[in-house]
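Take a look at the structure set out below.
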Amino acid sequence: MRAGQRFASLLLLMACFGATGCWDRTELNELAITSATAIDWEDGKWSVSYQVVIPSAISKAMSVTGGGASKLPIIVYSTQGKTIREAVGRSTLESPRHLFFSHTRVVVISDVAARQGLSPLLDVYFRNPDSRETVSVLIAKGNARKILEQLMQIQIIPGDGIEETLRKESEEFSALPNIRIYDLALSIVSPSKSAIVPEILISGKEEVSSADALSKTSLSSKLRLGRLAVLNGDRMAGWMSREEALGVAFIRNRIKTTTIPFSCEKNKPKIDSAFKLAKSSTRLTPKKDGDGFTMKIEVEGEGQLLETDCTRDLNEPSVARQLEDQLEGEIKEMIETAWQAARKMNIDVVGFADAIHQKYPKEWKRMKKDWPASLAKIQIEPSVQVTIKRMGLTNQSFRTLTEKD
Amino acid sequence: MKLWNALFRRRRGQGNSQQRKAAKQDGRSGKAASRESEDALSEDIDENLRTIVTELGGSDDLTIRKIGVDGASSIVAAFIYIDNLVDSGTVNQMLLHPLMSEIGESKSGKSPEEWYRRVRDRALAVGRVHEMRSPEEALACILEGHTIVFLQGSAAALAADTSGGDRRAVEEPGSQTVIRGPKESFTESIKTNLSLLRRRIKSPRLRVERKTLGRLTQTQIALVYLHGIAKASIVEEVRRRIDRIDTDSVLESAYVEEFIQDAPITPFPTIENTERPDAAAAGILEGQIAIIVDGTPFALLAPVTFVRFFQSSEDFYQRYDIATFLRLIRYVAFFVSMLLPAMFIAITTFHQEMLPTPLLISLAAQREGVPFPAIVEALLMEITFEVLREAGVRMPKVIGPAISIVGALVLGQSAVQAGLISAAIVIVVSFTAIASFVIPAINMSIAARLIRFVMMILGGTLGLFGIMSGLMVLLIHLASLRSFGVPYLAPLTPFVWTNWKDTFVRMPHWVMKKRPPTIADGSNLIRQGDDQMPKPPGRKTKL
């Protein structure tokens, strides 16, 4: 190649950078970082709300010299449209910045919208690279936008705070699972064709949506996790209480850590002890039983005693064994309650279909057609094995000492 | 002028192998060829002196000392030298004094031939004395700091090496400092430098080949290598490349480097330079060839591979584990220095989803109200820093602190406070700058500096995709480089396992049993014996 040709090709290459480069370049101050979104269904239209972070306000609130949270860290606004992305597209009519969804932590869906079906939402999440499938899903009763407007005390960005709360809860209490978009999609398309989503609600009266309301040590209302929403297919079907939710979590092997209250003696109505289940695993084994199925639910767990008001000698192995029996009974009862609730709704929230499908694929093909109906015919056989690994630092309860004299 | 022209012509015509052989025997390439020259010295002292004085244009620093028996009519000998090039003590004590006493004792009644022989053999008390028969030889010797002795009645002159004069002493290295290790540095004198090398490698195999380069400067250069350890083919190649240099001046080793390097169009150095005699000795011991140039403390080492530039001589003086850690840090620093601003620009303008949310919000808050796009901001700051650095290097030492105040406070802090640039970019640019100083070889760190700007433009226009393509082009380019036939990326590619002990890690000396086969002669690689790992007596360990 001659020098001239070489130079010309280099020049062309440089022109490429100038001509085609920068086409999707966005400076940081052109972005509206969305920390949470809410989906509502109003008058036959999707209404999408965005909780947009105001970076300058946040960095002021975080720094010592900034003069406190005089400016609010977030702003919430909504747009409507016949489809979700149309609504998002309309945001350009009122937002000076490009909505940026990659850092969205939670999506809150109103129960009305959830009853309409979540397929359009899931499609949006899987189709677009800028919305992540790792977003946590929550369902709110009534207006979902209200949830986004609520400010939080410790976490400056509420969207962030909701996700943190949910994660901590699912790790340390495990009644409500942290369901992400891909979890939701997977369980909707699984053989059981159902899903569970935790509820978020505002407990209290007045909303905390201004800086004034936030400048108190006790807030008039706060965000809280509530019940468990049950989805049949992609549509919401009903609610489960938190106790039932814990039972479901046991059956679905979703328990990481949880605290179980129990009474230390049989037939004693007073709950006087608590146990921390630090490890738990569940095995579902379907057993063909004539025409129907029996589901063996084997739970194995271990943990430590957190508190007791019992006057018995905890050094005695027989006493420890009895405590374990009590706990096992407690867990069995939770499982029974959850199962009854699921049977009543006739929705396979406990995931039995998956277990049968895996163990008896041929039978499953036959059963598939009238599945929700045959769910009710299944018998369950729960068996629980709990080991108390540690009694804690004292072997006697404090009550033993006070009652001795 | 006629003589000088003859000299020039002679240097050009050096392709002739016969001449070169002759030059080697004599040890100085310039003179041998002149034997065939028509010019010859006259038997008359005055005529010879006149020739020389005319040729030098009557320069005032030429000193002529005539010695006679009685009166001007009977001049028997004359000394001629350039004032400040010679060590006048040597001239007075070793030449003048013995010659004068010789005249007093035995001048009478001797033929000029006899007299000449006697002076040559007995009266000149210096180590190197040459005989010369042409004025141009004499002229070259004078300019090198020799003293020429003309004797009445003989057409040959004697040149005594009395070169001296003011020279810098051996001092601590200015640019390649170490905490532990020799504190000596090369100086501007080739003699001192050669002695520093000889003192480190006391082997009869250490070979020194002298050459003269530069038609006007007549600069002495020397090739130093270990016979049998340096590859003969590479030595021959170095010799060949140096012999084909035709230039009027060589003032620094960089002149030679630019004439003999393999790839003239690349930011990467393919010849190493060092001012540390221990580093040069270490290179020679691994089979490199050192090229020492008179007038500069920087010696060249060739061939060299990419990874050599990340080794500091101190790596071999510190414990190997620490040396390994430091070496890894240098590689990291190289990439930081080359890529950090580009990555910053690419991620904050194209790939915001890659950042953790709190960091993104913090960066976004800083960018609030900043008037320039990130790429412009980063380029501005980088250029500002380059200006500051250049100012710091060129400036008189007294004004130094002023620049740091202006640079750090005014440009850094105030610009951020005024909202002209974001604080993050200042952090990025400062860290990049510090990282670029970690690379021990300054020529490699300059390469990283240049590439940084290209990468910034790539990152600012095409994002991470641009940076990746840039890195790929860079890798292809690096793989295509050679240094005197040795692949630049060895031992990474081609893969040479033996060298890996001293590439990213520095293994203990007793593990590195062999010399790098990429550079050293393959027939002689064993550096040390087996089983050298220290151990308690009576235990056998093999590594």
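Residue numbers start from 1 in every chain, and the chains themselves are labelled A, B, ... in the order their sequence lines are given, proteins ahead of strands.
Listed by chain and number, the residues in a side-chain hydrogen bond (donor to acceptor under 3.5 Å, both in side chains) with A/S78 are A/S49, A/R145 (sequence neighbours excluded). Under the side chain to side chain contact (heavy atoms under 4.5 Å, CB included) criterion, A/V124 pairs with A/I84, A/R85, A/N128, sequence neighbours left out.
Contacts between A/F100 and chain B at a heavy-atom distance below 4.5 Å involve the side chain alone, from C-beta outward. Neither the backbone nor the side chain of A/I54 comes within less than 4.5 Å of any heavy atom of chain B.
In this pair, B/F385 and B/F437 present their aromatic rings perpendicular. The plane angle is above 60°, beyond the 30 to 60° band.
In this structure, A/E163 pairs ionically with A/R180, as a charged nitrogen and a carboxylate oxygen lie closer than 4.0 Å. At a threshold of 4.0 Å, the pair B/R449-B/E386 counts as salt-bridged, since one of the basic side-chain nitrogens sits closer than that to a carboxylate oxygen.
For residues 473-490 of chain B, the pairs satisfying side-chain hydrogen bond (donor to acceptor under 3.5 Å, both in side chains) are B/T266-B/H477, with sequence neighbours left out.
Applying a 4.5 Å heavy-atom cutoff, the residues of residues 366-373 of chain B that approach chain A are B/R367, B/E368, B/G369, B/V370, B/P373.
B/S422 has its side chain within reach of B/E377: a pair of non-hydrogen atoms, C-beta onward, lies under 4.5 Å apart.
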